[in-house]
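So that we are looking at the same thing, I have put the structure below in C-alpha cells.
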Amino acid sequence: MNDYESLNEPQREGVFTTEGAVLLLAGAGSGKTRVITYRIAHLIKDENVQPWNILAITFTNKAAGEMKERIEGILGQDSLGIWVSTFHSLCVRILRKFAPRLGYDENFTIYDADDQKTLMRNLIKRNELDPKMFREKGVLGEISHAKDELISSVDYARNAAGDPYKTVVGRLYREYQGELQKNNAFDFDDLIVKTVNLLSTDPEVKAYYNDRFHYIMVDEYQDTNTAQFELVRLLTGERKNLCVVGDDDQSIYKFRGANIYNILNFEKFFPEAKVIKLEENYRSTGNILAAANAVIKNNRGRKEKALWTQKEAGDSIILKVVDSAPEEAEYIVNEVRKAYKRGEPFGSQAILYRTNAQSRLLEERFVAAGIPYKIVGGVNFYSRKEIKDVLAYLKTIDNGQDDLSVMRIINVPKRGIGATSLGKVADYAQRGDISLYEGLCDAERIGSLGAAAKKINGFVNFISVARARAKTMSIAQLIRWIVEETGYLEELKKEDKEEDTDRVENVEEFINKAADYDENAEDPTLSGFLQEVMLVADIDSLEDDKDYVVLMTLHGAKGLEFPRVFLAGMEDGLFPSFMSITSDNSQEELEEERRLCYVGITRAMNNLVITSARSRLVRGELQYSRLSRFVEEIPNELFGGDNPGNTGGRRRTEGRSASEVLGGRGFGSGQNSYGGDGSYGGASSGRSLSSIAGKVTKRPVSSITMKASSPAKNIGSAGGNGGLGYEIGDRVRHMKFGQGTVKNIVSGGRDYEVTVDFDTAGIKKMFAGFAKLEKI
DNA sequence: GCCGCCAGTATTTTT
DNA sequence: TACTGGCGGC
C-alpha cells in the first residue's frame with residue numbers, strides 16, 4: 001500500500017474521505033474502480049476497520065468478482081469477510097436468513113421472467129380476461145414498475161381508481177403476489193422490495209445489519225432505482241457512511257426503473273454530502289474522448305462536467321457506411337482480421353450493437369472467417385429449455401410449494417399425465433388450500449382420477465426418493481441421477497437432431513457448474529445453488545484471459561474497455577431506436593439513447609470504428625435508413641479522410657439507388673473463408689441478400705467454459721519476484737493488451753503490481769496475480 | 001393424451 | 001423471419 005502517490009488529487013480525496021456521505025461523480029474511464037478498491041484497502045489497513053463491516057454493491061456478479069480479486073490482490077487474507085455483491089445477491093443473502101419473518105421459508109424459489117409470464121398467463125386465464133387486452137408482458141411491466149417505486153398492490157389499486165385498465169392490473173398484482181407467496185417464491189423485483197419491507201418493519205433486523213455494515217459503497221449508482229435507494233438508505237442507518245459512485249451520463253437503465261434523480265438529488269437526501277468529481281480520463285485517446293464529449297453535450301438533463309485526457313489525439317475515428325447489413329458484417333470481420341495481423345489480439349477487439357438480433361449476421365461471418373468470437377447476452381444459459389427442466393426438478397425437490405416447477409416437469413419426460421388429470425388435482429388442491437404437490441400426494445383419494453392416480457404415484461415416489469438422496473449426494477450427483485433415472489437424458493440423446501446434441505452438452509455443462517459449486521461454495525446447499533444460479537447473467541461468463549472477439553449489446557458493455565471498438569448498426573431507427581424517436585416523450589428517450597451511445601464510444605481505448613448500413617433486413621423486410629443522428633453530432637475533423645476503406649469524408653451520403661443497394665455486392669475481392677469449414681464460402685458478390693440471410697438456421701451455442709478452480713491468487717509470493725518469471729525491462733505478452741515492456745514491479749501486499757508499457761494499449765498497471773503476463 | 005400444423009405476434013435494452 | 005400458443009386430428 002505504498003502507492004497512493006499514483007492517484008490524482010480527486011481520486012485521493014475519494015480514497016481518504018471515508019466518513020459521511022460521499023458522491024463520487026466518476027466520468028468514463030476515470031479510474032473509479034481503482035478508487036473503490038484503494039478506499040476499501042485504506043479503511044482496513046489504515047483505519048482499522050474490520051472487513052466484515054464493509055459492504056460494496058455492484059451491478060453484475062462479474063464486477064463483484066473482479067472487485068473482490070483486486071482487493072484481495074492488495075490485502076490478501078485481510079480482505080476476507082468483505083461483502084462484495086450485487087443488489088440481488090445481497091438481498092438473497094438477507095432473505096435466506098430472515099425470510100421466515102415475512103412468512104416465507106428460507107428455501108424460497110426465485111422466479112425469472114419466464115416463470116413470471118407463466119404465472120401471469122394462468123392468472124389472466126383464471127380471471128377470464130381478454131388476453132388481447134391484458135397481455136402478460138404489459139401487466140408484468142406495470143407491476144415491475146410499481147415495485148421499482150415501492151408501490152404495493154394495495155397502493156397501486158388505490159391510485160388506479162377510475163382507470164379501468166389499472167383497476168384490473170391492480171387486482172392481478174394482488175393475486176400475483178398471493179401466488180408468489182403461496183409458491184414460496186420471489187420474483188427479481190421482490191428480492192429488493194421484500195428486503196426493504198423487512199428492514200423497514202422489523203427494527204431487530206435493521207439493527208442487525210446497521211450494526212454489521214459501517215461502511216457502504218455503491219457502484220454504478222446512476223442505475224439504481226427507488227427501491228434500491230431505499231434499501232441502501234436503510235442499510236446505511238445512522239452512521240451514514242455511504243459512498244456512491246456513478247456517472248449520470250452513463251445512466252442507461254431507465255426502462256428498468258433506474259431513477260436518475262437518485263444521483264441528481266443525492267445532495268438533497270444527504271445535505272452534508274461531499275461531492276467529488278473525477279474528470280481525468282485514462283482510457284481513451286484524445287479523438288475518441290472528443291467524439292464522446294461532442295455527442296453527450298447535446299443532452300440537457302445532466303450534471304455539468306468536462307472529461308479530459310493527457311493522451312494524444314491518436315488515430316482518427318473511422319466511419320464506414322455500406323449498402324447492406326451483410327456487407328457491414330463482412331467489413332467488420334475483415335477489419336478485425338487486419339488488426340489481428342498488425343498485432344492486435346482478437347481479445348482486444350469488441351463489437352457493440354444496439355439489439356441482440358444484430359449478432360446473427362456478425363456471427364455468421366465470424367464462423368466463416370474462422371475467427372474466435374464470443375457472443376455475450378441473448379439467451380441466457382439458464383433460460384434454455386433443457387436447463388429450465390432440470391432446474392424445475394431441483395426446485396421441486398427443494399421447495400415443494402413451487403407449483404410452477406411441479407407443473408413444468410410432471411410430464412417431462414412423458415409419464416402419461418395430461419392436462420385433464422392435472423386439472424383435477426389442481427381443483428382438489430385449490431379446494432383444500434394445499435400446494436399442487438400435496439394434491440398429487442393425495443392422488444389415491446381423488447376418485448375421478450382413475451388409472452392416472454398410479455402414474456401420479458410414480459412421480460410422487462420419485463420426488464420423495466430424490467429428496468432423500470439430496471441429503472446425501474452432492475448436487476452434481478443428484479442432477480446426474482435425475483436425468484438418468486427419469487430417462488430425460490436418454491430422450492434427448494435419442495433424437496438425432498443437432499439441436500438435441502447441443503441440449504445434451506448443455507445438461508453436461510450444467511452438471512459441471514453444479515460440481516464447481518459443490519467444491520467452491522462455503523456452505524453448499526441445494527437452495528443456495530438454485531438461488532445463485534437464478535441470479536447469474538450472461539456477462540458473468542466473460543473471461544478476460546481468452547483471446548476471442550467479444551460481441552455484445554451496448555448495455556452489456558457498460559463498465560468494460562477494449563483497445564479497439566466497433567460500433568455497428570449506427571442508423572437512425574436502429575440506434576437511436578425507432579421506439580425512442582416516435583415515443584411521446586421522445587426528448588427524454590433520445591437522451592437515454594444518447595447516453596448509451598456515449599457509453600459505447602467511451603469503451604474504446606485506441607481505435608473506434610463506426611459502421612452503418614443503408615439497408616438491413618428487419619423481421620424479414622428490407623428497411624432503409626440514414627446514418628444515425630449521433631454520428632452526425634461528432635465533428636468532421638475527428639474522422640480520418642484517408643482511412644483505407646473509409647467512405648472518404650463523404651459523411652452525408654444519401655440517395656443511393658435501391659437497385660444498387662439490392663445488388664448486395666461485396667466490396668472487396670478475395671474474401672475467402674479463413675480456416676473455417678468453408679460452408680459459407682467466399683465473397684457475397686452476386687448472391688442475393690435473401691440467400692445470405694437465409695443461410696442462418698441455427699446459432700452454435702457459444703460455449704461457456706468453467707475454470708477448473710481457483711482464480712490464480714497467490715502467484716509469485718515466493719521471495720523476491722522470482723515467481724513471476726520476468727523482470728523490469730523484459731518483453732511480455734498479455735492476452736488482451738498484446739506485447740509490451742515491463743517498466744516497474746512493486747510489491748503490493750500479497751501480490752505484485754506490475755507496470756507495463758504496451759505497444760498498442762499504452763501504459764497499464766496490473767496485479768501480476770491475475771494479469772497472467774507471459775515472458776517472450 | 002399426444003403430435004403437428006397454423007396463425008398471430010414481436011424486437012430495445014436486462015439484474 | 002422465428003417463436004409461441006391454440007386447435008384439430010389421430
Side-chain angles (χ1 to χ4, degrees), chain A residues 57-64 85-92 110 112-114 116-118 121 125 131-132 135-138 141 144 147-148 187-192 220 223-225 227-228 251-258 352-361 376-380 382-383 385 411-423 451-452 455 534-540 552-558 569 573-583 589 592-593 595-597 599-600 616-623 689-690 693-699:
Chain A
I57 304 174
T58 62
F59 256 76
T60 62
N61 293 303
K62 179 172 191 279
S85 73
T86 64
F87 271 105
H88 295 270
S89 38
L90 166 71
C91 289
V92 165
I110 298 168
D112 67 9
D114 267 359
Q116 290 179 274
K117 265 195 214 160
T118 311
R121 199 167 37 242
K125 232 183 258 170
K132 283 222 166 72
R135 300 181 184 285
E136 63 257 21
K137 229 183 128 195
S144 176
K147 288 183 179 177
D148 287 342
D187 65 18
F188 279 122
D189 300 316
D190 267 356
L191 292 175
I192 314 281
E220 306 285 6
D223 287 324
T224 53
N225 61 34
Q228 287 164 332
S251 161
I252 54 173
Y253 281 106
K254 207 176 121 246
F255 73 93
R256 206 171 70 190
L352 310 180
Y353 36 77
R354 180 66 238 268
T355 66
N356 278 308
Q358 289 168 258
S359 66
R360 302 223 151 177
L361 281 176
V376 179
V379 188
N380 189 319
Y382 293 103
S383 39
K385 275 183 214 75
N411 208 25
V412 177
K414 304 267 170 304
R415 294 186 177 87
I417 306 169
T420 322
S421 314
L422 255 184
K455 296 172 183 166
M534 293 305 290
L535 297 178
V536 171
D538 205 47
I539 183 80
D540 299 330
M552 62 181 146
T553 63
L554 288 149
H555 282 87
K558 190 179 67 167
L574 182 60
F575 187 33
S577 73
F578 183 72
M579 300 287 271
S580 66
I581 296 171
T582 55
S583 141
E589 294 205 12
E592 171 128 333
E593 296 275 305
R595 288 193 291 271
L596 191 54
C597 182
V599 167
R616 76 173 61 232
L617 284 171
V618 180
R619 284 189 236 158
E621 250 173 78
L622 197 58
Q623 210 173 70
L689 284 173
S690 58
K695 275 282 176 191
V696 194
T697 46
K698 186 188 76 66
R699 324 151 61 74

Looking across every strand, which nucleic acid part, if any, lies under 4.0 Å from A:Glu621 by heavy atom: base, sugar-phosphate, or nothing?
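If one applies the 4.0 Å heavy-atom cut-off, A:Glu621 turns out to touch nothing in the nucleic acid.
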A:Thr420 side-chain proximity, nearest of B:dT15, B:dG1, B:dC3 =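 Selected nucleotide (nearest to the side chain): B:dG1.
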How many whole angstroms separate atom CD1 of A:Ile252 from atom C1' of B:dT12?
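Checked: the CD1 to C1' distance equals 12 Å.
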Looking only at side-chain atoms of A:Arg135, point me to the closest of B:dT15, B:dA10, C:dG5.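 Nucleotide nearest to A:Arg135's side chain: B:dA10.
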| How close or far is atom P of B:dG1 from atom CG of A:Asn411, stated in whole angstroms? |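 About 9 Å, once rounded to whole Å.
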task = Compare side-chain N and O positions of A:Thr553 against OP1 and OP2 of B:dT12 and report whether any pair is under 4.0 Å apart.
result =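 A:Thr553 to B:dT12 OP1/OP2: no side-chain N or O under 4.0 Å.
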Which nucleotide wins on minimum distance to the side chain of A:Ser577, given the candidates B:dT14, B:dT9, B:dT12?
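From the listed options, B:dT12 comes nearest.
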(request) Name the nucleic acid region contacted by A:Asp223, choosing base, sugar-phosphate or nothing; use a 4.0 angstrom heavy-atom cut-off, strictly under. (result)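 Nothing: the residue A:Asp223, judged by heavy atoms under 4.0 Å, touches no strand.
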Quiz item: Taking C-beta and beyond as the side chain, do A:Ile252 and A:Val599 meet within less than 4.5 Å on heavy atoms?
Solution: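 The answer is yes; the side chains approach within 4.5 Å.
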* To do: Check every atom of B:dT15, B:dT12, C:dA2 against the side chain of A:Arg360 and return the nucleotide holding the closest atom.
  =>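 The closest nucleotide is C:dA2.
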### Task
Assign A:Lys254 to base, sugar-phosphate, or nothing according to its heavy-atom contacts below 4.0 angstrom with the strands shown.
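Result for A:Lys254 = nothing.
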Under 4.0 angstrom, heavy atoms only, what part of the nucleic acid is A:Ser580 near: base, sugar-phosphate, or nothing?
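Nothing, no heavy atom under 4.0 Å.
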Taking CG from A:Leu422 and P from B:dG1, how many angstroms apart are they, rounded to a whole number?
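Rounded to the whole Å, the gap is 9 Å.
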- Query: Between A:Lys137 and A:Leu535, which has a closest nucleotide on DNA chain B that is more 5'?
  - Reply: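 Result of the comparison: A:Lys137.
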_Any A:Phe59 side-chain heavy atom under 4.5 Å of A:Thr224 side chain_ =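 With C-beta onward as the side chain, the pair touches.
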Rounded to the nearest angstrom, tell me the gap between atom NZ in A:Lys117 and atom P in C:dT4.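 Going from NZ in A:Lys117 over to P in C:dT4 covers 9 Å.
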Notebook entry, point to check: With a 4.0 Å cut-off, would you call A:Glu589 and A:Lys254 a salt bridge?
Noted result: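 Looking at A:Lys254 together with A:Glu589, the answer is no, because their closest N to O distance does not fall below 4.0 Å.
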So A:Lys455, base contact, sugar-phosphate only, or nothing? Heavy-atom distance under 4.0 Å.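 It contacts nothing in the nucleic acid.
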### Query
Roughly how many Å is it from CZ in A:Phe87 to P in B:dT15, rounded to a whole number?
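A:Phe87 atom CZ is separated from B:dT15 atom P by 15 Å.
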field: Ring-ring centroid check A:His555 A:Phe255, cutoff 6.0 Å
entry: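 Under 6.0 Å, so yes.
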**Asked** How do A:Ala419 and A:Val536 order along DNA chain B: which one's closest nucleotide is nearer the 5' end?
**Response**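 It is A:Ala419 whose nearest nucleotide is closer to the 5' end.
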Exercise for review: Indicate, yes or no, whether a donor-acceptor pair under 3.5 Å links the base of B:dT12 to the side chain of A:Arg354.
Suggested key: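 It does, because a donor-acceptor pair links the side chain of A:Arg354 to the base of B:dT12 below 3.5 Å.
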* Using the six-membered ring for Trp and the full ring for Phe, Tyr or His, decide whether A:Phe255 stacks on the six-membered base ring of B:dT13 (centres under 5.5 Å, planes under 30°). =>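 A stacking contact exists, since A:Phe255 sits close and nearly parallel to the base ring of B:dT13.
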| message | I need the NZ-C1' distance between A:Lys132 and B:dT9, as an integer number of Å. | response |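 Computing the A:Lys132:NZ to B:dT9:C1' distance gives 10 Å.
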Separation of the P atoms in B:dT13 and C:dT4, to the nearest angstrom: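 One P to the other, the span is 15 Å.
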*Given atom CG of A:Leu361 and atom P of B:dT11, what is their separation to the nearest angstrom?*
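Interatomic distance, CG of A:Leu361 to P of B:dT11: 19 Å.
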Q | Atom of A:Leu554, atom of A:Leu352 and distance for their closest heavy-atom approach | A |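 Shortest heavy-atom contact: CD2-CB, 3.9 Å.
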- Query: Taking only side-chain nitrogens and oxygens of A:Asn356, does any of them come within less than 4.0 Å of OP1 or OP2 of B:dT13?
  - Reply: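 Yes, A:Asn356 has a side-chain N/O under 4.0 Å of OP1/OP2 on B:dT13.
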**Asked** When we call it a touch if two heavy atoms are under 4.0 Å apart, what does A:Phe59 touch: a base, just sugar-phosphate, or nothing?
**Response**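 If one applies the 4.0 Å heavy-atom cut-off, A:Phe59 turns out to touch the sugar-phosphate alone, with no base involved.
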- [ ] Please report, rounded to the nearest Å, how far the P atom of B:dT15 is from the CG atom of A:Asp148.
- [x]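 Distance, rounded to whole Å: 14 Å.
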Discussion item. Side chain of A:Arg121, heavy atoms from C-beta onward: which of B:dT9, C:dG5, B:dC2 has the nearest atom to it?
Written reply: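 The listed nucleotide nearest to A:Arg121's side chain is C:dG5.
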Determine the sole option in A:Asn225, A:Asp190, A:Asp189 for which the side chain to side chain donor-acceptor pair (under 3.5 Å) test with A:Lys147 is passed.
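When side chain to side chain donor-acceptor pair (under 3.5 Å) is applied between A:Lys147 and each of A:Asn225, A:Asp190, A:Asp189, only A:Asp190 qualifies.
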Practice task
Could you work out which one of B:dT14, B:dT9, B:dG1 sits closest to the side chain of A:Ser421?
Solution key: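 Looking only at heavy atoms from C-beta outward on A:Ser421, the closest nucleotide is B:dG1.
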Exercise. Looking at A:Asp223 and A:Arg256, does any basic side-chain N land under 4.0 Å from a carboxylate oxygen?
Worked result: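 Salt bridge between A:Asp223 and A:Arg256, a charged N being under 4.0 Å from a carboxylate O: no.
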